[in-house]
There are 2 protein chains.
Amino acid sequence: MTTTALKKNIDFLMNLADNTLMIKKGDYLYHRGDASTCIMLIFSGSLKTVDLNEGGELRIKEFLIKQDIIGLDAMMDTYHSTDAIAIEDSIVKAISYEKFNLFTLRSPEISEILETVRAQFMARKEESRRVLDNLRSESKMASFLLNLTNRMGRIGYSTERIQIKMTHKDIANFLGVKGETISRAIHSLTTKGTIIMKHKTMAILDMQLLKDIIRPV
Amino acid sequence: MTTTALKKNIDFLMNLADNTLMIKKGDYLYHRGDASTCIMLIFSGSLKTVDLNEGGELRIKEFLIKQDIIGLDAMMDTYHSTDAIAIEDSIVKAISYEKFNLFTLRSPEISEILETVRAQFMARKEESRRVLDNLRSESKMASFLLNLTNRMGRIGYSTERIQIKMTHKDIANFLGVKGETISRAIHSLTTKGTIIMKHKTMAILDMQLLKDIIRPV
DNA sequence: CGGCGAATTGAAACCGCTCAAGTAAAGTGG
DNA sequence: CCACTTTACTTGAGCGGTTTCAATTCGCCG
């Protein structure tokens with residue numbers, strides 16, 4: 001599906017919303033075990049979803065940004081398998097299943113919209129597997145930054161300057177490494193001239209080099 | 001779902017089969033990109049599914065044994081995202097969707113059967129995530145062996161002596177480590193008295209110790 | 001029996017982790 | 001708005017585990 005077709009479908013869902021939720025940084029959008037009552041889209045801000053592995057440790061499953069659909073885990077399982085926590089003040093639009101179903105009955109675009117939803121779900125599964133597949137921490141970090149930049153670009157942000165909202169600790173948890181390793185990976189990527197980062201602002205300087213670091217020959 | 005209910009549903013599907021495939025070790029059951037034309041179950045033997053990551057490297061996604069449903073990737077995506085290769089001479093039973101659909105129309109157990117399929121799909125996703133989550137190679141190996149033993153036991157094999165059909169290289173690829181590391185992990189597990197392994201035959205000697213190695217305190 | 005891939009084993013390099021100390025940034029209350 | 005507190009981040013040294021490279025041995029199949 002093209003980027004513009006995807007945007008159209010997301011906008012369509014966004015306009016269908018019958019509820020707007022304001023969420024402060026650190027607050028929960030939903031908890032593990034909650035029943036799913038609506039489809040939710042991020043209007044602004046960003047969140048993380050967190051699940052509990054069998055060792056009882058918290059593990060970040062995904063980072064969600066503006067225009068992402070959130071809570072898809074529950075569409076498959078009927079209840080949420082994760083906690084969703086805002087990593088900055090955010091606004092989330094919700095569509096009750098009731099309203100969604102009413103609309104889909106008389107909407108010819110429904111199959112395309114469901115395809116949008118399914119594609120997002122699959123793409124995210126893909127990403128997390130891909131990131132974990134990289135053995136070297138620098139590759140993981142490069143992969144993470146490239147993915148984030150692409151996603152930001154797709155929703156209209158300039159890829160010249162990306163705002164990183166998550167903490168090193170959260171990124172580390174997501175990538176399966178330690179916080180110190182994130183510092184060192186950023187330092188290394190910067191030294192090599194692939195990226196530049198100041199405080200929470202980042203830019204990719206050498207895209208090809210970044211890709212080479214993700215997939216070494 | 002209980003083990004016996006699961007077995008009943010698998011047997012039901014097995015009896016529905018309208019085609020039997022004999023596959024020699026190393027042969028392909030299907031290729032990446034093939035359209036899915038039927039539901040397949042392993043009657044005997046074992047196979048591996050292999051996908052290509054973006055770096056162009058082959059990566060083993062799952063090992064399938066007797067009574068496993070194979071090719072589920074295509075039920076979600078309409079075409080196969082993996083190659084399926086026999087790791088020993090195997091027999092696969094196939095049910096055309098045509099026949100499957102005819103049967104489900106008048107079968108009251110259909111929802112339970114679909115649940116069996118969905119549960120297998122989910123359980124496998126779970127396993128691969130769990131295995132990759134373990135950072136130490138010995139934990140990965142222990143996790144892999146425990147899972148394999150449990151699966152063998154569930155389909156009626158004695159858990160006193162398990163036949164390992166895959167090569168070290170394949171296991172290494174699956175676990176995201178190197179072949180030499182598999183050798184050393186087995187050596188270490190053996191030294192500790194958790195398992196005994198001779199050639200391709202293995203047994204778990206100390207189940208609790210094995211679990212402790214998977215999840216260190 | 002010969003050959004060849006599979007498995008084992010050793011040594012050394014590499015990389016991420018732990019621990020620790022110090023600096024920077026963000027949040028809090030007066 | 002500043003001082004204070006807390007949290008986030010950086011950086012270094014040493015350790016442990018995995019990879020790499022290389023040399024053998026083992027085991028299977030023709």
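Lettering of chains follows the sequences in order, A, B, ..., and the numbering in each one begins at 1.
Contact between the side-chain N/O atoms of Lys169(B) and the OP1/OP2 oxygens of dA7(C) is not found at any separation under 4.0 Å. Neither OP1 nor OP2 of dT7(D) sits under 4.0 Å from any side-chain N or O of Thr167(A). One finds a side-chain N or O of Ser137(B) lying less than 4.0 angstrom from the OP1 or OP2 phosphate oxygen of dT18(D).
No side-chain donor from either of Tyr30(A) and Ser36(A) sits under 3.5 Å from a side-chain acceptor of the other. Using modelled atom types, one finds no donor on one side chain facing an acceptor on the other under 3.5 Å when comparing Asp51(A) with Ser81(A).
Look at Asp89(B) and Lys25(B) and you find no salt bridge, because none of the NZ, NE, NH1 or NH2 atoms lies under 4.0 Å from a carboxylate O.
We find that NZ of Lys198(A) is positioned 17 Å from P of dC9(D), with the value rounded to whole Å. Nucleotide dC28(D) holds its P atom 7 Å from the NE2 atom of His199(B), rounded to whole Å. Computed from coordinates, the Lys165(A) NZ to dA26(C) P distance equals 11 Å when rounded to whole Å. Rounded to an integer number of Å, the gap from Met141(B) CE to dT18(D) P is 13 Å. In this structure, the CE atom of Met166(A) is 12 Å from the P atom of dC9(D), given to the nearest Å. Atoms CD1 (Ile182(B)) and C1' (dT19(D)) sit 13 Å apart, rounded to a whole Å. What separates CD1 of Ile171(B) from C1' of dA7(C) is a distance of 12 Å, to the nearest Å. Here the P atom of nucleotide dA7(C) and the CG atom of Leu189(B) are 16 Å apart, to the nearest Å.
For Arg136(B) and Lys25(B), each mapped to the nucleotide of DNA chain D holding its nearest heavy atom, the one lying further toward the 5' end belongs to Arg136(B).
Under the side chain to side chain contact (heavy atoms under 4.5 Å, CB included) criterion, Ser44(A) pairs with Ile91(A), sequence neighbours left out. Legend: residues meeting side chain to side chain contact (heavy atoms under 4.5 Å, CB included) with Ile196(B), ordered by chain and number and at least two apart, are Ala203(B), Leu205(B).
Residue-level contact check: Lys200(B) touches the backbone only, with heavy atoms under 4.0 Å from sugar-phosphate atoms and none from bases.
The base of dG10(C) sits with one of its N or O atoms less than 3.5 Å from a complementary donor or acceptor on the side chain of Arg184(B).
In this structure, of dT10(D), dA7(C), dT20(D), it is dT20(D) that holds the atom nearest to the side chain of Glu180(B). For Thr181(B), counting side-chain heavy atoms from C-beta on, the closest listed nucleotide (dT18(D), dG16(C), dT9(C)) is dT18(D).
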